[in-house]
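The analysis underlying the following values was restricted to heavy atoms, covering all of them including side chains, and did not include hydrogens, waters or symmetry mates. Each chain gets a letter, A, B and so on, in the order its sequence line appears, and its residues count up from 1.
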There are 2 protein chains.
Amino acid sequence: MSSSVATQTKPGRYHHGDLRNALLDAARELASEIGVDNFTLREVARRANVSPAAPYHHFADKRDLTRALAIEAFSKLTTALSNAKHKKHSPLEQLEQVGIAYVMFAFEHLAEFRFMFRRELCAEEGDFDPLETAGINAQAVLHNTVLEAQNAKQIIAENPQDIVITLWSVVHGLSCILLESPLSKTTTAKSAKNMAKSVVQLSIQGILAHRE
Amino acid sequence: MSSSVATQTKPGRYHHGDLRNALLDAARELASEIGVDNFTLREVARRANVSPAAPYHHFADKRDLTRALAIEAFSKLTTALSNAKHKKHSPLEQLEQVGIAYVMFAFEHLAEFRFMFRRELCAEEGDFDPLETAGINAQAVLHNTVLEAQNAKQIIAENPQDIVITLWSVVHGLSCILLESPLSKTTTAKSAKNMAKSVVQLSIQGILAHRE
DNA sequence: CAACAGAACTTGACATTGTTTAGATTCTAG
DNA sequence: CTAGAATCTAAACAATGTCAAGTTCTGTTG
């Protein structure tokens with residue numbers, strides 16, 4: 001998307017034009033090729049055709065670059081969840097859609113997903129942390145849907161936070177398993193979606209207001 | 001435990017005695033201090049009082065060392081789950097215990113837990129992978145309990161694999177959230193256990209055989 | 001018991017990495 | 001047009017993963 005735009009700005013020039021985004025694009029690409037853990041800042045710079053020190057004019061250090069990617073990924077996730085939600089009208093159906101969308105986002109944005117949940121990227125205690133708020137925003141989509149489903153008496157009136165955590169846990173857990181477990185080497189997008197659906201439906205069963 | 005034994009074998013000698021275990025101990029310790037991602041092989045060697053090249057006589061490379069830690073951690077998890085299970089007799093109660101034990105294991109063995117789920121540690125497709133079997137063993141505890149609960153007609157007769165994945169997802173997801181999310185900086189063991197209990201109970205609600 | 005084979009280490013080296021410092025180049029206000 | 005800020009390069013540093021070549025120990029065999 002923005003990658004083609006950002007990366008190819010006047011190759012010969014001294015000033016790159018939009019190096020910050022070019023670096024982000026290169027990092028995303030590199031991480032999806034060789035893994036989030038062994039990607040190097042120097043190679044990112046190399047791919048953007050700049051010197052190894054150039055990134056330091058746009059990011060404090062390597063950690064700061066990956067943090068920017070994580071924030072960006074969280075905001076993508078937020079819109080993905082929000083889009084999925086608004087495909088349905090009933091809060092209960094929305095709950096299901098949001099859950100499935102979470103897993104599919106992880107499946108489709110593998111590399112970015114791995115950037116998102118890393119304790120070491122967070123700011124120090126007390127500092128304002130944009131990464132933290134990005135995460136909270138994503139979670140808010142689920143949280144609101146739970147509240148709406150409760151208001152519509154479609155699910156039990158238990159402490160909403162407990163319900164949010166349960167649902168978030170189950171979709172996040174499935175995502176991690178799909179991405180990291182060796183069991184899942186052969187998983188296709190279709191079977192991932194089926195698993196997501198079945199897991200989400202089973203979880204929702206436990207919080208339904210009317211037991212048939 | 002074994003650390004004190006393994007680490008302190010005749011400090012002056014050329015041959016360490018049990019360097020392999022000493023390295024594993026040092027790596028575990030170091031990882032829990034500075035994180036799984038930035039721990040270095042050289043520092044591990046330093047702590048075991050050997051040269052930087054010494055580890056290569058016991059492990060193929062850094063990855064191989066961490067793989068050994070992951071396998072070891074999986075086997076610890078297996079016994080933790082198994083112990084938790086056998087505290088109760090009813091399969092349904094066992095299911096709950098196993099779920100809670102999973103989360104508590106993650107909480108108490110933070111560093112080791114982070115070693116366990118990393119795709120890059122797996123062997124190549126087709127090769128026999130001890131890490132994979134270690135993971136399967138741990139999952140088997142949950143799997144068996146689900147089967148037993150189904151046989152006892154305590155939970156629905158749905159495809160057992162779906163139920164296993166749902167339960168595994170929810171406890172794994174909660175574990176990841178507790179460990180990686182910035183939201184959880186202040187979580188105590190007690191509140192972790194409470195969350196685990198509530199999340200597991202809600203999930204089990206969805207698969208109960210008798211809906212009152 | 002002696003000598004030898006192999007295992008367990010060390011030394012020293014290499015390419016690569018993250019990061020810093022100093023300097024060069026280009027852009028942009030005034 | 002020009003000063004100063006923004007953006008980049010070049011060169012260097014310590015540290016890392018890893019390897020090849022030696023060194024020292026240990027157990028086995030004659």
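- Residue A:Asp37 contributes atom CG, which lies 18 Å from atom P of D:dT16 at whole-angstrom precision.
- The separation between A:Leu19 atom CG and C:dC27 atom P is 14 Å, rounded to whole Å.
- Distance A:Asp18 CG to D:dT7 P: 11 Å, rounded to the nearest Å.
- In this view, B:Glu72 and B:Arg28 satisfy the salt bridge (charged side-chain N to carboxylate O under 4.0 Å, His left out) rule, not counting sequence neighbours.
- Protein atom CG of A:Asn21 is 13 Å distant from nucleotide atom P of D:dT7, rounded to whole Å.
- The distance from atom CG of B:Asn38 to atom C1' of D:dA15 is 14 Å, rounded to the nearest whole Å.
- In this entry the distance linking CG of B:Leu30 with P of D:dT16 reads 10 Å, nearest Å.
- Ranking C:dG12, C:dT20, D:dC8 by closeness to the A:Ala53 side chain, first place goes to C:dT20.
- Among the nucleotides C:dT11, D:dT9, C:dC9, the one closest to any side-chain atom of B:Pro52 is C:dT11.
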Distance-only donor-acceptor hits, side chain of residues 140-150 of chain B, under 3.5 Å, sequence neighbours excluded:
| from | atom 1 | to | atom 2 | distance (Å) |
| --- | --- | --- | --- | --- |
| B:Asn144 | ND2 | B:Ala140 | O | 3.3 |
| B:Thr145 | OG1 | B:Lys85 | NZ | 3.1 |
| B:Thr145 | OG1 | B:Val141 | O | 2.7 |
| B:Glu148 | OE1 | B:Lys85 | NZ | 3.1 |
| B:Glu148 | OE2 | B:Lys85 | NZ | 3.3 |
| B:Gln150 | NE2 | B:Ile156 | O | 3.0 |
| B:Gln150 | NE2 | B:Glu158 | O | 2.8 |

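- For D:dA10, neither phosphate oxygen OP1 nor OP2 lies less than 4.0 angstrom from any side-chain nitrogen or oxygen of A:Ser51.
- Rounded to a whole Å, the CG atom of A:Leu41 is 6 Å from the P atom of C:dT19.
- At D:dT9, none of the side-chain N or O atoms of A:His57 fall inside 4.0 Å of OP1 or OP2 (strictly under the cut-off).
- Within the structure, side-chain hydrogen bond (donor to acceptor under 3.5 Å, both in side chains) contacts touching residues 161-177 of chain A (residues at least two apart or in different chains) are A:Tyr102-A:His172.
- Nearest nucleotide to the side chain of A:Arg42, out of C:dT10, C:dT17, D:dG17: C:dT17.
- The list of side-chain hydrogen bond (donor to acceptor under 3.5 Å, both in side chains) pairs with a residue in residues 34-45 of chain A, not counting sequence neighbours, reads A:Asp37-A:Arg118, A:Glu43-A:Arg46, A:Glu43-A:Arg47.
- In terms of phosphate contacts, A:Arg46 brings a side-chain nitrogen or oxygen within less than 4.0 Å of OP1 or OP2 of C:dT17.
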For side-chain contact (heavy atoms from CB on, under 4.5 Å), just list the numbers for B:Lys76 and B:Phe105, CA-CA rounded to whole Å, side-chain angles, deciding distance to a tenth of an Å, and then say yes or no.
CA-CA 9 Å; B:Lys76 282 189 196 171; B:Phe105 179 87; 3.9 Å; yes

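- In this structure, B:Glu43 places its CD atom 15 Å from C1' of D:dG17, rounding to the nearest Å.
- Ion pair B:Arg114/B:Glu180 flagged as a salt bridge, since at least one NZ, NE, NH1 or NH2 atom sits closer than 4.0 Å to an Asp/Glu carboxylate oxygen.
- The ring pair (Phe, Tyr, Trp, His ring centres under 6.0 Å) contacts involving residues 30-78 of chain A comprise A:Phe39-A:Phe115, A:Phe74-A:Phe117, where partners must be two or more places apart or lie in separate chains.
- Side-chain atoms of B:Tyr56 lie closest to D:dG17 of the nucleotides D:dG17, C:dG18, C:dC9.
- A heavy atom lying under 4.0 Å from DNA chain C marks the following residues of residues 61-70 of chain A, by number: A:Asp61, A:Lys62.
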